[in-house]
Amino acid sequence: MSQSYLIRSVEPSDAAAIHRIKTAPGVYPDTLQLPHQPLSVTEKQLNERPANIHQLAACADGEVVGSAGLIVNEGMRVRHSADLFLVVRDDWQGKGVGGALMRAVVDLADNWLGLIRIELKVIHDNARAIALYEKFGFEYEGRLRQEQLRAGKLEDVLVMGRLNWPRRAES
């Protein structure tokens, strides 16, 4: 889909919209979110967001339809890396929201935060997400067997990473 999305920083006032995304039946099974998480948890996360978390929202028609971000590692020897997270409202999946968020997150990592490595975990059978991550340069790095409980069954999780070292070394 060729629709463009407004990408902006997430604000505490987005808590209800982010909560709706994270707890939707078509979203939470592929994340580490619980199905009946209270809104207050999301409100607290957004109100008390530490400086090392950079969270973006994708908006369409004035509504938040997805969110992604980076959790930059704070340790002295790992500050060059971050963990990526991404959620898209279930009724907006497959419409380019994830791609728009990924472009913005990768730009933030490469051109503003100076990160060399972005890493993520994705449940093994989330083919759409895996294809999106591969499109943005993420590569398979490993498999964590029976890492995540989903609907009563332990599932494997894939570890993927993206390095930006060659571009940084050229500049």
Side-chain angles (χ1 to χ4, degrees), residues 3-24 26-34 37-60 62-75 78-123 126 128-139 141 147-148 157-164 168:
Q3 179 170 348
S4 64
Y5 300 95
L6 169 67
I7 306 295
R8 61 167 176 78
S9 180
V10 166
E11 299 294 336
S13 60
D14 296 323
I18 299 292
H19 179 262
R20 176 182 174 198
I21 295 167
K22 292 189 327 182
T23 59
V27 176
Y28 75 79
D30 290 329
T31 72
L32 292 176
Q33 302 300 316
L34 294 174
Q37 177 176 288
L39 174 59
S40 60
V41 170
T42 303
E43 290 171 335
K44 183 176 181 179
Q45 288 170 341
L46 295 184
N47 283 318
E48 300 175 12
R49 185 174 48 199
N52 70 314
I53 297 179
H54 305 275
Q55 187 171 359
L56 303 175
C59 301
E63 288 186 77
V64 176
V65 295
S67 179
L70 298 165
I71 304 170
V72 179
N73 293 311
E74 295 183 293
V78 291
R79 289 184 187 171
H80 64 282
S81 65
D83 293 309
L84 180 136
F85 59 91
L86 171 72
V87 289
V88 175
R89 208 167 82 186
D90 48 2
D91 58 334
W92 281 85
Q93 292 176 7
K95 298 180 180 179
V97 177
L101 284 164
M102 286 297 295
R103 274 187 293 285
V105 166
V106 166
D107 176 64
L108 178 65
D110 292 352
N111 299 313
W112 300 99
L113 299 175
L115 297 175
I116 294 168
R117 175 178 173 74
I118 308 172
E119 52 197 55
L120 62 87
K121 291 180 179 177
V122 60
I123 200 144
N126 191 342
R128 184 182 282 168
I130 293 166
L132 176 66
Y133 299 140
E134 288 174 339
K135 180 179 173 184
F136 284 89
F138 284 81
E139 297 178 10
E141 294 185 337
E147 165 79 355
Q148 181 175 324
V157 169
L158 306 182
V159 177
M160 299 181 77
R162 176 186 177 273
L163 296 175
N164 189 36
R168 288 182 53 83

Asker: Here's a test for you: under side-chain contact (heavy atoms from CB on, under 4.5 Å), which of Leu70, Asn73, Val72 qualifies with Asp83?
Answerer: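 Looking at Leu70, Asn73, Val72, the match for Asp83 under the side-chain contact (heavy atoms from CB on, under 4.5 Å) is Asn73.
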
Asker: Strictly distance-based, threshold 3.5 Å: is any side-chain N or O of Ser9 a donor or acceptor partner for the main-chain N or O of Leu56?
Answerer: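 No; zero donor-acceptor contacts below 3.5 Å.
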
Asker: From Asn164 CG over to Ser81 OG, what is the distance, rounded to the nearest 0.5 angstrom?
Answerer: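 If I round to the nearest 0.5 Å, the distance is 13.0 Å.
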
Asker: State which residues pass side-chain hydrogen bond (donor to acceptor under 3.5 Å, both in side chains) with Glu11; sequence neighbours excluded, sorted by chain then number.
Answerer: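 Partners of Glu11 under the side-chain hydrogen bond (donor to acceptor under 3.5 Å, both in side chains) test: none.
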
Asker: Taking the side chain as every heavy atom from C-beta outward, state whether Gln33 and Thr23 have any pair of such atoms under 4.5 Å apart.
Answerer: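 In short, these two side chains do not touch, never coming nearer than 4.5 Å.
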
Asker: Answer yes or no: is there a side-chain heavy-atom contact under 4.5 Å between Gln55 and Leu46?
Answerer: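 Sidechains of Leu46 and Gln55: in contact.
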
Asker: Atom CD1 of Ile7 and atom CG of Leu101: how far apart are they, to the nearest 0.5 Å?
Answerer: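 Reported value, rounded in 0.5 Å steps: 4.5 Å.
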
Asker: Kindly determine whether Asp30 and Arg128 satisfy salt bridge (charged side-chain N to carboxylate O under 4.0 Å, His left out), including the steps that lead there.
Answerer: CA-CA 11 Å; Asp30 290 329; Arg128 184 182 282 168; over 6 Å; no

Asker: Side-chain contact test, heavy atoms from C-beta onward, threshold under 4.5 Å: evaluate it for Phe138 versus Met102 and give yes or no.
Answerer: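 With C-beta onward as the side chain, the pair touches.
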
Asker: Do Ile53 and Glu48 have side chains that approach each other closer than 4.5 Å (heavy atoms only, starting at C-beta)?
Answerer: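 Answer no - side chains too far apart.
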
Asker: Is there a side-chain contact between Ile118 and Phe136, using heavy atoms and a 4.5 Å cut-off?
Answerer: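 No. Closest side-chain heavy atoms not under 4.5 Å.
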
Asker: Just so I know, are the side chains of Arg162 and Val106 near enough to count as touching, which here means a heavy-atom distance under 4.5 Å?
Answerer: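 Yes. Closest side-chain heavy atoms under 4.5 Å.
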
Asker: Is the shortest side-chain heavy-atom distance between Arg89 and Arg20 below 4.5 Å?
Answerer: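 Yes, their side chains come closer than 4.5 Å.
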
Asker: Contact between Tyr5 and Lys95 at the side-chain level, heavy atoms closer than 4.5 Å - yes or no?
Answerer: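 Contact flag for Tyr5/Lys95 side chains = yes.
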
Asker: Mark yes or no for whether Gln93, through its side chain, and Val88, through its backbone, hold a donor-acceptor pair below 3.5 Å.
Answerer: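 Indeed, once roles are kept as given, a pair shorter than 3.5 Å links the two residues.
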
Asker: So, Thr42 versus Gln37: side-chain donor-acceptor pair below 3.5 Å or not?
Answerer: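 Yes, side-chain donor-acceptor contact under 3.5 Å.
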
